[in-house]
Amino acid sequence: MHFEWYHKVGLGILAAFWLAYASNYLGDALIHAKAMETPAYAAEKPEADEAKAEDKTETAAADDSLAMLASADAGKGAKLFGKCKACHTTENGGKNKVGPNLWDVVGRAKASGAGFAYSGALKEKGGEWSFADLDAFLAKPKGFVPGTKMAFAGLKKPAQRAAMLAFLRSLSDSPKALP
Ligand code: HEC
């Protein structure tokens, strides 16, 4: 058969329609697959992130926050202390609330605040509140002292803990030397 120019045009138009249809169909299929993926991904991600954060608090993070301590801003720590205020006072001779008064807590023997009923777990922990111990406790209270009465999830970010340690250190007439 002789192939006329209008045959080519006709075939071309057919092919164009077919392509448009096919890509539309494929596009829908892809979007649909994405939509199915998203919820599973969303459900998974925070866990993965938490696991990562957990790793950090367990290992590198303690060094991170202690290394940041020298340049940490006690003022930022004072602001962050809003998270702790419901349970702790900070002034010299301040009263105990749900938790003990924290004046001069850096370097103080653990569980030794006057007139506060500490948990057996914290009393048994022993030793003084060094910067490193405070850092570990504040990162995850129940991780450092399983059975502690302090119902607080923890300050996950090393920079936050560095600021908090700088603030706690300032609660003293003679702040302890930096580590
Ligand atoms: C929901 C109340 C609550 C919150 C919020 C809380 N704490 Fe506590 N905290 C406690 C209790 C209760 C204890 C005593 C723990 C024990 O006996 O096991 C404690 C103990 C402590 C200790 C040990 C004191 C000592 O004398 O040995 C430090 C340090 C401390 N908290 C710091 C903080 C900081 C900093 C924050 C905020 C980031 C905070 N806490 C948030 C209730 C709280």
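When a ligand or atom number is given, it counts from 1 through the structure's own listing order. Atoms considered below: every heavy atom in the structure, side chains included; atoms not considered: hydrogens, waters and symmetry mates.
- Remark: minimum distance from atom 12 (C) of ligand 1 to any protein heavy atom is reached at Val98 O, 3.2 Å.
- Atoms of ligand 1 lying under 4.0 Å from at least one heavy atom of Pro100, given by number and element, are 13 (C), 14 (C), 19 (C), 20 (C), 24 (C), 26 (O).
- Atom 7 (N) of ligand 1 has His88 NE2, 2.7 Å as its closest protein atom, hydrogens excluded (heavy atom only).
- Here Phe152 has side-chain heavy atoms under 4.0 Å from ligand 1, and that is the only part of it that gets that close.
- Within the 4.5 Å cutoff, side-chain heavy atoms of Leu66 are placed close to those of Leu165.
- Not a single heavy atom of Ala86 lies less than 4.0 angstrom from ligand 1.
- Residue-ligand proximity, Leu138 to ligand 1, at heavy-atom distances under 4.0 Å covers atoms 32 (C), 33 (C), 34 (C), 35 (C).
- Heavy-atom contacts from other residues, nucleotides or ligands closer than 6.0 Å to NZ of Lys97 number more than 12.
- Not a single heavy atom of Ala121 sits less than 4.0 Å from an atom of ligand 1.
- Under 4.0 angstrom from ligand 1, the non-hydrogen atoms of Leu134 all belong to its side chain.
- Scanning the protein for heavy atoms near atom 32 (C) of ligand 1, the closest one is Leu102 CD1, 3.7 Å.
- Protein heavy atom closest to atom 4 (C) of ligand 1, with residue, atom name and distance, is Cys87 SG, 3.4 Å.
- The heavy-atom pair separating Leu168 from Phe81 by the smallest distance is CD2-CE1, 4.4 Å.
- Remark: ligand 1 atoms within the under-4.0 Å shell around heavy atoms of Phe116 are 14 (C).
- More than 12 heavy atoms of other shown residues, nucleotides or ligands fall within 6.0 angstrom of atom NZ in Lys149.
- A cation-pi geometry, defined here as NZ or CZ lying under 6.0 Å from the six-membered ring centre and within 45° of its normal, does not hold between Lys125 and Phe137.
- Residue contacts with ligand 1: Lys85 is excluded, as none of its non-hydrogen atoms falls under 4.0 Å.
- If you number the atoms of ligand 1 from 1 as listed, the ones under 4.0 Å from a heavy atom of Ala151 come out as 1 (C).
- In this structure, Phe167 and Lys79 have side chains that are not in contact, with every pair of non-hydrogen atoms separated by 4.5 Å or more.
- Those atoms of ligand 1 with a heavy atom of Arg108 less than 4.0 angstrom away are 25 (C), 26 (O).
- Each of Asp135, Asp64, Asp63 was checked for a salt bridge (Lys or Arg N to Asp or Glu O under 4.0 Å) with Arg161, and the lone residue meeting it is Asp135.
- Atom 16 (C) of ligand 1 has as its closest protein heavy atom Ser119 OG, 3.3 Å.
- With hydrogens left out, the protein atom closest to atom 15 (C) of ligand 1 is Thr148 OG1, 3.3 Å, a heavy atom.
- The nearest pair of heavy atoms linking Ala163 to Lys76 is CB-CB, 4.0 Å.
- With hydrogens left out, the protein atom closest to atom 26 (O) of ligand 1 is Tyr118 OH, 2.5 Å, a heavy atom.
- The shortest heavy-atom contact between Asp73 and Ala166 is C-CB, 4.5 Å.
- Among all non-hydrogen protein atoms, the one lying nearest atom 34 (C) of ligand 1 is Cys84 SG, 3.5 Å.
- Counting only heavy atoms from C-beta outward, the side chains of Asn92 and Leu171 never approach each other to under 4.5 Å.
- Residue Met150 holds the heavy atom nearest to atom 39 (C) of ligand 1 of all those in Met150, Lys123, Lys110, Arg161.
- Here's the thing with Lys83: none of its N/O atoms is less than 3.5 angstrom from an N/O atom of ligand 1.
- Residue Trp129 has at least one heavy-atom neighbour below 4.0 Å for each of these atoms of ligand 1: 23 (C), 24 (C), 25 (C), 27 (O).
- The distance criterion of under 3.5 Å between nitrogen or oxygen atoms is met by Ala111 with respect to ligand 1.
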